[in-house]
Amino acid sequence: MVVSSLDLNALHGAVLAIGGAKLRILGGCPPCGYLSRLLGVDARLGLQHIGDVRAAIIEGGWLNVGDAVDVIDLPAWPHG
């Protein structure tokens, strides 16, 4: 799934509603060594700033091109 115009990395822990689904953003997902091993070159350096995020499915549902992405729950961050 591709989401544009939204900084998903800044929403770590948030719950998003997209189409009929609800997802919790778990954290960043930078490129790993697996791709580098497949290619035989270290692809991580060239891809280090374009990794995306992982999400857990809270409630499954249909997604359609053009569905709105709504932030429905932001985590309470500790103040320090």
Side-chain angles (χ1 to χ4, degrees):
M1 171 175 44
V2 175
V3 174
S4 60
S5 302
L6 186 63
D7 184 2
L8 294 175
N9 287 303
L11 295 174
H12 181 218
V15 176
L16 306 179
I18 306 172
K22 291 182 184 172
L23 310 154
R24 180 174 304 276
I25 302 299
L26 299 177
C29 187
C32 65
Y34 176 71
L35 178 62
S36 294
R37 287 191 302 277
L38 287 176
L39 296 174
V41 296
D42 191 357
R44 293 173 294 182
L45 295 175
L47 299 173
Q48 65 186 349
H49 298 293
I50 61 171
D52 291 311
V53 297
R54 291 170 295 174
I57 299 169
I58 296 173
E59 185 177 312
W62 291 102
L63 304 178
N64 295 294
V65 173
D67 280 345
V69 178
D70 297 313
V71 179
I72 59 173
D73 181 31
L74 286 173
W77 296 104
H79 301 294

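The figures here come from the full heavy-atom set of this structure, side chains too, leaving out hydrogens, waters and symmetry mates. Throughout, numbering of the chain's residues begins at 1 and tracks the sequence. It should be emphasised that the depicted structure is a prediction, and the values quoted were computed from it without experimental measurement.
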> For I72, does the CD1 atom have more than 12 heavy-atom neighbours from other residues, nucleotides or ligands under 6.0 Å away?
Replying inline: yes

>> Between R24 and G13 (side chain of the first, backbone of the second, donor and acceptor by atom type, cut-off under 3.5 Å), is there such a pair?
In response: yes

> How about L23 and I18: do any of their side-chain heavy atoms sit closer than 4.5 Å?
Replying inline: yes

>> Distance check, rounded to the nearest 0.5 Å: H12 atom NE2 versus L74 atom CG?
In response: 13.0 Å

>> Minimum heavy-atom separation for V71 and A14, please, with both atom names.
In response: CG1-CB, 4.3 Å

> Under a 4.5 Å side-chain heavy-atom rule over Ile, Leu, Val, Met, Phe, Trp and Tyr, are V69 and W62 clustered together?
Replying inline: no

>> Using 0.5 Å steps for rounding, measure from the CD1 atom of I58 to the CG atom of L16.
In response: 8.5 Å

> With sequence neighbours left out, what residues match A21 under side chain to side chain contact (heavy atoms under 4.5 Å, CB included)?
Replying inline: L63

>> Quick check: is L11 connected to V15 through a chain of hydrophobic side chains (ILVMFWY, heavy atoms under 4.5 Å apart)?
In response: no

